[in-house]
Amino acid sequence: MYDRIKGFRDFYPGEMAARRATIDTLEDTARGYGFREIGTPALERAEMWTDKSGDDIVEELYSFEDQGGRHVTLTPELTPTVARMVVAKQQELSKPIKWFSTRPFWRYEQVQQGRQREFYQTNVDIFGSSEPEADAEILAWAADALTNLGLTDEHFEFRISHRDILGGVLETYDADVDIDDAIRAVDKSDKLSTAEYHDLLIGAGLTSEQAVEFDDLVAGGDLEAVRAFADTDRVDAAVDNLQHVLEAADDFGAREYCTISLETARGLDYYTGVVFECFDSAGEVSRSIFGGGRYDDLIESFGGQPTPAVGVAPGHATLALLCQRAGVWPDEEVTTDYYVLQIGDTRTEAARITRELRERGHVVETDVAGRSFGSQLNYADSINAETVVIAGEQDLANDEVTIKDMNSGDQMQVPVEEFPGEYERPTFADFDS
RNA sequence: UCCGGGUUGGGGUAGUGGUUAUCCUUCAGCCUUGUGGAGGCUGAGACGCGGGUUCGAUUCUCGCACCCGGACCCA
């Protein structure tokens, strides 16, 4: 026996059926918005991460030197890859660029609830529009995807903010404030006591009075109060932008899921404007389910022309947790439309029926193991067959087959030429007259 | 990297410093080449790995691995 690699998961057919249904919902929703599916490599040059984040990040990458001496890594996220793709064909791609993809990513980090070393995300991005409608469309897709999964506003909320609001307010203080440190403190404030939070703010350069004042202002979430307090063009523009995004989201049907939450900072890296995180309303999934936002500078930093961008990337592990706790996770079972049961030398006729049912697009199994009647029925039960078609020697001797409804156990004999005959999806009920 | 709790057939469990490790379930076959979700019979299948203590370790002990939760981190 070989062990599974820590942090990597197997998905058996039942679990995979539920995942597949979930992925299909996310992707079908994206297709409805005109997002186009892209495919991307599992390996990229490690420099795509080390150049920006420093060599320390190698500790969290699955990186190695390939046979050609290239320093490569299994991709820990999609964004640099799509940025590379956009830059490579910048001139020929019509704007706005709207792409999605579902794929695994890999990070060498500590495994815990909702976090594996191999994890799956559906990335949805728009490049080439700085308009609030683009931000709002991302929010609308996310809201539609979650509601199409069966979730409601009782289950999730989007906490939305704008990067320039925190930064803009902080820069109005005269003190030598380390804005990155202060934003980091805000991002953590949920998990800290008030005193610890204030200590971090003071550590970032605020005075004790300023820390209290800043905390009150941010926690209040009153955009006009923030605007008045800062009274700078930068904060003015950020507040305007956030309000415009929310107005567009209202028209797009996503506003009801959004809560203004200035504590949402979403890390520090490439976000530049609106940022948001999806949270479990019941608070049972403590970490954020997923997040997204605007990253207008990234494409330029990859050597392209300045190109605004906004996107979101739900991770499937935390999404599954949310769905399970909300009671909307699909059944982890395989389903089967028909099992064609053979007894004796009935393969020819059984195969004919099987093929005709499959041509109609159904899921159909028949015996490939030479098993007994009882064993076949037992198997049909185990694969959740809806209907069993018994092609037995005795039935065929009378030019009949037996149709059995596995739910009720009812069965009856029907002429073999009528099965499947003209029926698109014949079941016991069609003959039970 | 750190903290806490775990690890006995595929799943769930009982138990013990000593001869054949308990029960339920599962799986396979048979009773049954004509009936699954009911029964009977037969079979398969486990003490996570390594070291130490001991005449003897699944049991005690140490280390490691893995699992679950959490901290840090979260591109």
Side-chain angles (χ1 to χ4, degrees), chain A residues 1-10 12 14 44 46 48-54 56-61 73-83 105-117 119 121 123 184 187-188 191-192 265-271 275 277 285-293 295 298 301 311 313 315 317-318 321 336 339 341-347 367 369-398 400-413:
Chain A
M1 282 289 290
Y2 295 103
D3 292 337
R4 213 167 5 91
I5 299 293
K6 180 186 176 82
F8 288 68
R9 283 202 55 194
D10 301 318
Y12 289 90
E44 292 277 8
M48 276 172 68
W49 284 273
T50 55
D51 283 353
K52 282 189 58 123
S53 309
D56 287 349
I57 201 169
V58 170
E59 308 263 315
E60 306 201 349
L61 297 176
T73 186
L74 287 166
T75 52
E77 57 170 336
L78 186 69
T79 306
T81 295
V82 289
F105 297 97
W106 302 270
R107 294 179 187 179
Y108 193 84
E109 29 176 30
Q110 287 314 299
V111 173
Q112 49 185 273
Q113 186 182 46
R115 195 154 116 190
Q116 297 285 309
R117 289 180 175 175
F119 58 98
Q121 287 184 341
N123 282 260
R184 207 188 289 279
D187 202 27
K188 279 188 191 173
K191 293 182 176 179
L192 301 173
R266 192 72 193 136
L268 290 170
D269 305 299
Y270 39 66
Y271 289 105
V275 291
E277 294 194 323
V285 183
S286 59
R287 67 188 82 248
S288 83
I289 308 296
F290 60 82
Y295 50 102
L298 188 74
S301 79
T318 46
L321 283 175
T336 309
Y339 182 87
L341 194 153
Q342 304 177 37
I343 315 161
D345 184 14
T346 61
R347 187 179 71 192
D367 182 50
R371 298 217 282 187
S372 68
F373 190 102
S375 292
Q376 289 187 62
L377 213 47
N378 195 31
Y379 178 73
D381 193 41
S382 75
I383 60 174
N384 299 312
E386 180 182 344
T387 300
V388 168
V389 182
I390 301 171
E393 283 178 333
Q394 294 168 21
D395 306 82
L396 293 176
N398 301 322
E400 293 177 328
V401 290
T402 298
I403 308 304
K404 183 180 181 72
D405 182 291
M406 288 296 278
N407 199 30
S408 64
D410 296 339
Q411 63 184 48
M412 68 181 306
Q413 296 187 306

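Being a predicted model, the structure only gives us computed values, none of them experimental. In what follows, every chain begins at residue 1, and chains take the letters A, B, ... in the order their sequences are listed.
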[atom1] spacing across the pair [N] / [M], given as an integer number of angstrom:
N	M	atom1	answer
B/rG51	B/rG56	P	14 Å
B/rG15	B/rU7	P	12 Å
B/rC2	B/rG43	P	49 Å
B/rU58	B/rU53	C1'	16 Å
B/rC3	B/rC49	P	25 Å
B/rG10	B/rA46	P	6 Å

*Assign A/Leu61 to base, sugar-phosphate, or nothing according to its heavy-atom contacts below 4.0 angstrom with the strands shown.*
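If one applies the 4.0 Å heavy-atom cut-off, A/Leu61 turns out to touch a base.
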
Would you indicate what A/Gly7 reaches in the nucleic acid, counting non-hydrogen atoms under 4.0 angstrom: base, sugar-phosphate, or nothing? sugar-phosphate

### Message
So, under a plain 3.5 Å distance rule, would you say the side chain of A/Arg107 forms a donor-acceptor pair with the base of B/rC74?
### Response
no

Check: Any N or O donor-acceptor pair linking the side chain of A/Arg115 to the base of B/rC73 at under 3.5 Å?
Finding: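 Result: at least one qualifying N/O pair found.
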
Atom-pair distance ([atom1] on [X]; [atom2] on [N]), nearest Å:
X	N	atom1	atom2	result
A/Arg117	B/rC66	CZ	C1'	11 Å
A/Glu109	B/rG70	CD	P	14 Å
A/Gln113	B/rG6	CD	P	20 Å

Quick tally for nucleotides 31-39 of chain B: nucleotides whose base has a protein heavy atom under 4.0 Å get B, sugar-phosphate-only ones S, the rest -, giving --BBBBB--

All stems that RNA chain B takes part in, i.e. 3 or more consecutive Watson-Crick or G-U pairs with distances under 3.5 Å, are B:1-7 with B:65-71, B:10-12 with B:23-25, B:26-31 with B:39-44, B:48-52 with B:60-64

Applied to residues 381-393 of chain A, the salt bridge (Lys or Arg N to Asp or Glu O under 4.0 Å) test, sequence neighbours excluded, yields A/Glu386-A/Arg425

For [N], take OP1 and OP2 only and decide whether either is under 4.0 Å from a side-chain N or O of [X].
X	N	answer
A/Arg9	B/rC67	no
A/Arg184	B/rC73	no
A/Gln112	B/rC68	no

Hits for salt bridge (charged side-chain N to carboxylate O under 4.0 Å, His left out) against A/Glu44, two or more places apart or cross-chain, chain-then-number order -> A/Arg84

Across all chains, not counting sequence neighbours, the side-chain contact (heavy atoms from CB on, under 4.5 Å) partners of A/Phe8 are A/Ile5, A/Tyr62, A/Trp106, A/Arg117, A/Glu118

Would you please test A/Phe290 and A/Gln121 for side chain to side chain contact (heavy atoms under 4.5 Å, CB included) and show each step? CA-CA 10 Å; A/Phe290 60 82; A/Gln121 287 184 341; over 6 Å; no

Output one line per pair: protein atom, nucleotide atom from nucleotides 3-5 of chain B, and distance, for all N/O pairs under 3.5 Å.
none

